[in-house]
Asker: 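I have a structure I would like to understand better, so I am pasting it below and will then ask my questions one at a time.
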2 protein chains.
Amino acid sequence: MSFLDHIHACNTYRAERFLPLVMGGTRIGWLRHDNIAALRRFPAVFSAEIDRVIEALVAEGRIDKWRYEDFAVAPRWGRPPLFKLDRGAVAFFGIRAYGVHLNGMRRDAAGLTLWIGRRASDKRVAPNKLDNMVAGGIGHGHGLDETLIKEAAEEAALPRDLIDHAVPVGALLYRMETKAGLRDDVLFAFDLDVPADFTPRNTDGEIAEFHAMPAREVVARVRDGDDFKFNVNLVIIDFALRHGLITPDEPDYLDIVAGLRRPLD
Amino acid sequence: MSFLDHIHACNTYRAERFLPLVMGGTRIGWLRHDNIAALRRFPAVFSAEIDRVIEALVAEGRIDKWRYEDFAVAPRWGRPPLFKLDRGAVAFFGIRAYGVHLNGMRRDAAGLTLWIGRRASDKRVAPNKLDNMVAGGIGHGHGLDETLIKEAAEEAALPRDLIDHAVPVGALLYRMETKAGLRDDVLFAFDLDVPADFTPRNTDGEIAEFHAMPAREVVARVRDGDDFKFNVNLVIIDFALRHGLITPDEPDYLDIVAGLRRPLD
């Protein structure tokens, strides 16, 4: 593996395999050709009947199953949603989804340390893989800050007075073909300095254990292996670039810098 | 003005106005159609005769004048150069050029402060505009670190033991049509914490004066005006994103994040 391999693994989208999903003149998703065929039976997809359509697609195995968590479908970030969709159907329709990822860090005498979680073995996506201290999708009707506060409490028992110091540090953008369709993802990244006496503690069963690891070791593990959840690699590579842990001596430096944020469209 | 206006101003490249300049099967630059016509007289441009060609183009006013500073022409960053070219001719041939930009910062009780320089009135490019504490082009045969150390000493009298703490924090990539041709630029960005008792002092006549400005004020000035050198706006926008001074509440947040690094090709 290499840093670039992880970036490429998250950017497997090939334009010729998808057609734009348009609503009211606005492109809101990307449909793979086989998914378009599967939708032909439903003449009025985007109505109150959307749930019935998804149910049929779940029955056929085209969508894994209901996640019972709504995502918003909006023409762009910050705009009011056009409608909402079960999280499990987001990739089928190639709807852009938004998440938050928090790098929990300590600045020790020996350098930077990162709190890394191991995902529970019963997670649907990437079981047992390593993860950021806090991460989660932004659901319909929930703001970014609200999501960060909620996930920080559930995933790492981070108190409100600590998470309020999280610093927004940018976003990662990638587009990845999946079994169901397309992940068109935006991850808002945050850094948070946590005190030396704080230890994260999971409360919702999604993280099996936490370890404090020297950031250099985390970055080397990302580069050399496949221990982290696919998109967490991007968040850590971005962290490494911003904190001087990947330097311009790296032969792929510019490809890495440019590769973390695919152009918006 | 807005953050996005500055990004657009640095990305005026339109593919249909240029053709690739190829050498030994590798694309090394971009030639505008009028510049191609002007080169037709010289059947063997890329040889020892390149200087004679540039001289003729200077005489015709297609290239402003000799800068007496060589830039390297390489297939990509980190690779050995194929040849060298006077800095004044780089845009004519649309050769990728590399520079260093240093954000000189203090973490005061009231927040972040940035050291901002005002460019001398006799600078060829962007006279009197505001600039980073240190910035400069990477010349042929000079490494990135060497350039940073040299420019830091010349432009701001930064001693070696201070500049050695500069942290590489990424790169900005933009492509901008100019009178001469094309700026295809990569700016390596660095952050440096400078002590409260340090005041930069210019020694090479390129910066007329330095001011320590609250970073929030710098960012607002970038957003609302045109006081800074065109590409310095990008470096400061990137600084603001990394330090939480531009947040996801900003309606153009994702366009800004994605717009600072055009894809490499």
Side-chain angles (χ1 to χ4, degrees), chain A residues 4 7 11 74 76-79 96 98-100 111-112 138 143-145 147-148 164-175 184-192 237-265, chain B residues 4 7 11 74 76-79 96 98-100 111-112 138 143-145 147-148 164-175 184-192 237-265:
Chain A
L4 266 188
I7 291 172
N11 285 282
R76 53 172 280 172
W77 173 245
R79 293 282 171 80
R96 182 164 291 153
Y98 302 89
V100 295
L112 289 174
I138 302 178
L144 191 155
D145 291 342
T147 302
L148 183 63
D164 280 351
H165 289 95
V167 177
V169 291
L172 293 309
L173 290 86
Y174 66 91
R175 198 175 274 176
D184 187 13
D185 275 8
V186 172
L187 313 180
F188 291 99
F190 292 79
D191 280 1
L192 175 65
I237 292 170
D238 174 64
F239 179 89
L241 287 171
R242 290 184 291 101
H243 291 280
L245 301 171
I246 301 176
T247 70
D249 298 332
E250 158 69 41
D252 294 327
Y253 192 76
L254 294 178
D255 299 273
I256 295 167
V257 166
L260 289 177
R261 296 158 188 93
R262 63 157 282 125
L264 268 187
D265 61 14
Chain B
L4 265 188
I7 291 172
N11 286 282
R76 55 171 279 171
W77 173 247
R79 293 284 171 80
R96 183 164 290 154
Y98 302 89
V100 295
L112 289 174
I138 302 178
L144 192 156
D145 291 341
T147 302
L148 183 63
D164 280 351
H165 289 96
V167 178
V169 291
L172 294 310
L173 291 86
Y174 66 93
R175 197 176 275 177
D184 188 12
D185 276 8
V186 172
L187 312 181
F188 291 98
F190 292 79
D191 281 0
L192 176 65
I237 291 169
D238 173 64
F239 180 89
L241 287 170
R242 289 184 291 102
H243 292 280
L245 301 171
I246 301 176
T247 69
D249 298 333
E250 158 69 41
D252 295 327
Y253 192 76
L254 294 179
D255 299 273
I256 295 168
V257 166
L260 289 177
R261 297 160 187 93
R262 62 157 285 122
L264 267 187
D265 62 13

Asker: Looking at A:D255, A:L260, A:V167, which one has more heavy-atom pairs under 4.5 Å with chain B than the rest?
Answerer: A:D255
Asker: Against chain A, label B:V186 side chain, backbone, both or neither, depending on which of its atoms sit under 4.5 Å from a heavy atom there.
Answerer: side chain
Asker: Please look at B:Y98 and chain A and tell me whether the side chain, the backbone, both or neither of the residue comes under 4.5 angstrom of a heavy atom of that chain.
Answerer: side chain
Asker: When heavy-atom pairs shorter than 4.5 Å are enumerated against chain B, which of A:G170, A:A258, A:P251 gives the highest number?
Answerer: A:G170
Asker: Determine whether a donor-acceptor pair (N or O, by modelled atom type, separation under 3.5 Å) exists between the side chain of B:R261 and the backbone of A:L254.
Answerer: no
Asker: In terms of heavy-atom contacts, does CZ of A:R76 have more than 12 from other residues, nucleotides or ligands at under 6.0 Å?
Answerer: yes
Asker: Any idea which heavy atoms bring A:P168 and B:T247 closest together, and the distance?
Answerer: CG-CG2, 4.0 Å
Asker: Can you say whether A:V257 sits under 4.5 Å from chain B via the side chain, the backbone, both, or neither, judging by heavy atoms?
Answerer: both
Asker: By a 4.5 Å heavy-atom criterion (distance strictly below it), what part of A:P248 contacts chain B: side chain, backbone, both, or neither?
Answerer: both
Asker: Atom CG in A:L264, atom CG in B:D252: separation rounded to 0.5 Å?
Answerer: 10.5 Å
